[in-house]
Engineer: 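The structure is given below, and queries will be raised subsequently.
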Amino acid sequence: MEDGNGLADLIPAFQPEGFERNRKKLICTVVLGINDSSTGQFMPRYNTLNDADLANVLNYIRSLKAGSTLPFTDKEIESLRDDCR
């Protein structure tokens, strides 16, 4: 998990291309969690994280997986997380 590769069945791995092309999806995945019985993927919701904390978590993972992409900001998180459903 230290390298952003997930934790077996508890936390899915985030792919490097998601930090560039699917930023909203990454934000929504962390905020809403995953409960997909068809793939067996499960991750609890982390919807209690504030925008700055969520940006810090995603930036840490980004530094391990896709360090050359733009960092997340609390303003970006704020503008995109409202669309998560």
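What you see is a predicted model; the values in this text were computed from it and never measured.
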Engineer: Strictly by disulfide (SG to SG under 2.5 Å), give each pair with a member in residues 21-64 just once, sequence neighbours left out.
Structural biologist: Cys28-Cys84
Engineer: Given Ile77, which of Asp82, Val30, Leu54 fulfils the side chain to side chain contact (heavy atoms under 4.5 Å, CB included) condition?
Structural biologist: Leu54
Engineer: Starting at CE of Met43, measure out to CD1 of Ile34 and round the result to the nearest 0.5 Å.
Structural biologist: 5.0 Å
Engineer: Closest heavy-atom contact between Arg81 and Val31?
Structural biologist: NH2-CG2, 3.6 Å
Engineer: Roughly how far apart are Ile27 CD1 and Glu78 CD, rounded to 0.5 Å?
Structural biologist: 11.5 Å
Engineer: Rounded to the nearest 0.5 Å, what's the gap from CG on Leu58 to OG1 on Thr29? Could you check?
Structural biologist: 9.5 Å
Engineer: Does the structure place the NZ or CZ of Arg23 under 6.0 Å from the centre of the six-membered ring of Phe72, at an angle of no more than 45° from the ring's axis?
Structural biologist: yes
Engineer: The criterion is side chain to side chain contact (heavy atoms under 4.5 Å, CB included); which residues satisfy it with Asp74, sequence neighbours excluded?
Structural biologist: Asp51, Ala52
Engineer: Under the side chain to side chain contact (heavy atoms under 4.5 Å, CB included) test, which residues partner Thr73, sequence neighbours left out?
Structural biologist: Lys75, Glu76
Engineer: With a 4.5 Å cut-off on side-chain heavy-atom distances among I, L, V, M, F, W and Y, is there a chain of contacts connecting Tyr46 to Ile61?
Structural biologist: yes
Engineer: Hey, mind stepping through Thr69 and Arg62 against side chain to side chain contact (heavy atoms under 4.5 Å, CB included) and telling me if it holds?
Structural biologist: CA-CA 8 Å; Thr69 61; Arg62 180 191 62 83; 3.1 Å; yes
Engineer: Taking only residues two or more places apart in sequence or in another chain, which ones pass side chain to side chain donor-acceptor pair (under 3.5 Å) with Asn50?
Structural biologist: Asp53
